[in-house]
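Since the model is a prediction, treat every value here as computed from it, not as a measurement. Both ligands and their constituent atoms are indexed starting at 1 by order of listing.
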Amino acid sequence: MSRRIFNFGAGPALLPAPVMARVQEELRDWHGSGMSVMEMSHRGKEYQGIIQQAEQDLRDLLAIPDQYRVLFLQGGASLQFAMVPLNLLAGRTAAYVETGVWSRKASQEARRFGQVEIAASNSDGAAEVPPQEQWRLPRDCAYLHIAGNETIDGIEFDFVPELGDIPLVSDASSHLLSRPLPVERFGLIYAGAQKNVGPAGLTLVIVREDLLGRADPHTPTMLDYAVHAREHSMYNTPATFAIYVAGLVFQWLKDLGGLTAMEKINMAKAERLYGAIDDSGGFYRNSVAPRNRSRMNVPFFLHDAALDPLFLEEAQAAGLLQLKGHRLLGGMRASIYNAMPLEGVETLVAFLRDFAARHG
Ligand SMILES: *Cc1c(COP(=O)(O)O)cnc(C)c1O
């Protein structure tokens, strides 16, 4: 009997087992077409059906209102760090809330394109989202950017900022589809797919229609949201296979009962894991403010970093893969995205207890 392997990597990350089985089944001959999805014209009727179904399923899952466009792009979340200011700044000032590594990278990139102000930051070392009462918005604010979930720091927003007419932009790369999201309260949401949505190579953008057509005149065609919206993500060849796999993930989520059902499972997994860390008598530590503890990415530290290599070696031997923390933070990180079953978290928790008992 083969032992179950659980992959806690932060991204590219594991995909749901039924989705992988389906991909394998359909890999060489999609629905009797005689072609792999990889071999189809993106403009052919088979593929048009695939991408349209994927968009509809995503719209159903997130209850995306009609006046929002869904774009299937490439370049990762990192390219969105540039596309957002190029398309939305229009000579005004952008505001960024910095809560960790990714939102800081986003604000740094935006500075290349215009005026940026930091509305709030937790750079004093507090591992939390600064309460909105403390934010300071610039005059003539074009948009405000947040990272809804900081994948490296393990810090997740526990509220949706209320900004009146100022468009709210969120990098939702590592928590999109982990819970329901009130899309109508955002101007734009983007996510690299390889965390919680599908394979690398695809970037999702959900943008309110009235924000299209404001791009800086020097914006390259490929970086203009309005072009991709007009061409239905077919200005050039999209990431066809990644979109297909993401579409299967959307169907898997719908079959599961949608995002409310998914959220319940994710909450249960996170509670189990943070509970084990908190109950370890200081052997393991996570110092994020409880209200902002990410349900997707759980960084933790051993009380003695000298034990880190042994921890990782034994975890690997137990079938628990990719627990090493991000190089900027050190320590450990368990990413427990949608596709991670509760059983995987239970196995990790049992390992944490066992390791602590033997080395405490
Ligand atoms: C992974 C990640 C990024 C970078 O994504 P790429 O697709 O590698 O560009 C940006 N923001 C967040 C929140 C992420 O998790």
Please identify which of these residues, Glu271, His175, Glu263, meets the side-chain hydrogen bond (donor to acceptor under 3.5 Å, both in side chains) condition with Arg295. Glu263
For Arg291, does the CZ atom have more than 12 heavy-atom neighbours from other residues, nucleotides or ligands under 6.0 Å away? yes
Salt-bridge present (Glu26, Arg22; N to O < 4.0 Å): yes
To which of Ala77, Ala193, Gly201 does the heavy atom nearest atom 5 (O) of ligand 1 belong? Ala77
List every atom of ligand 1 that sits less than 4.0 Å from any heavy atom of Gly76, numbering the atoms from 1 in the order shown and giving each element. 7 (O), 9 (O)
Do other residues, nucleotides or ligands put more than 12 heavy atoms under 6.0 Å from the NZ atom of Lys254? yes
Which segment of Asn149 sits under 4.0 Å of ligand 1 when only heavy atoms are counted: backbone
Tell me whether Arg136 is salt-bridged to Glu117, with the criterion being a basic N under 4.0 Å from an acidic carboxylate O. no
Contacting atoms of ligand 1, where contact means under 4.0 angstrom from a heavy atom of Gln194: 5 (O), 6 (P), 7 (O), 8 (O)
Starting from atom 9 (O) of ligand 1, locate the nearest protein heavy atom and write down its residue, its atom name and how far away it is, to 0.1 Å. Ser78 OG, 2.6 Å
Distance under 4.0 Å to a non-hydrogen atom of Asp171: what atoms of ligand 1 satisfy this? 10 (C), 11 (N), 12 (C), 13 (C)
Using a 4.0 Å cut-off to any heavy atom of Thr151, which atoms of ligand 1 qualify? 12 (C), 13 (C), 14 (C), 15 (O)
When you look for heavy atoms under 4.0 Å from ligand 1, do you find them on the side chain of Lys195, its backbone, both, or neither? side chain
Short N-O contact, Glu156 and Arg293, less than 4.0 angstrom: no
Quick one: which ligand 1 atoms are inside 4.0 Å of a heavy atom on Phe81? 10 (C)
So that I can tick it off, tell me whether Arg358 and Glu314 are bridged by a salt bridge, with the cut-off set at under 4.0 angstrom between side-chain N and carboxylate O. yes
Per-atom contacts of ligand 1 with Ser173, taking only distances under 4.0 Å to non-hydrogen atoms: 11 (N), 12 (C), 13 (C), 14 (C), 15 (O)
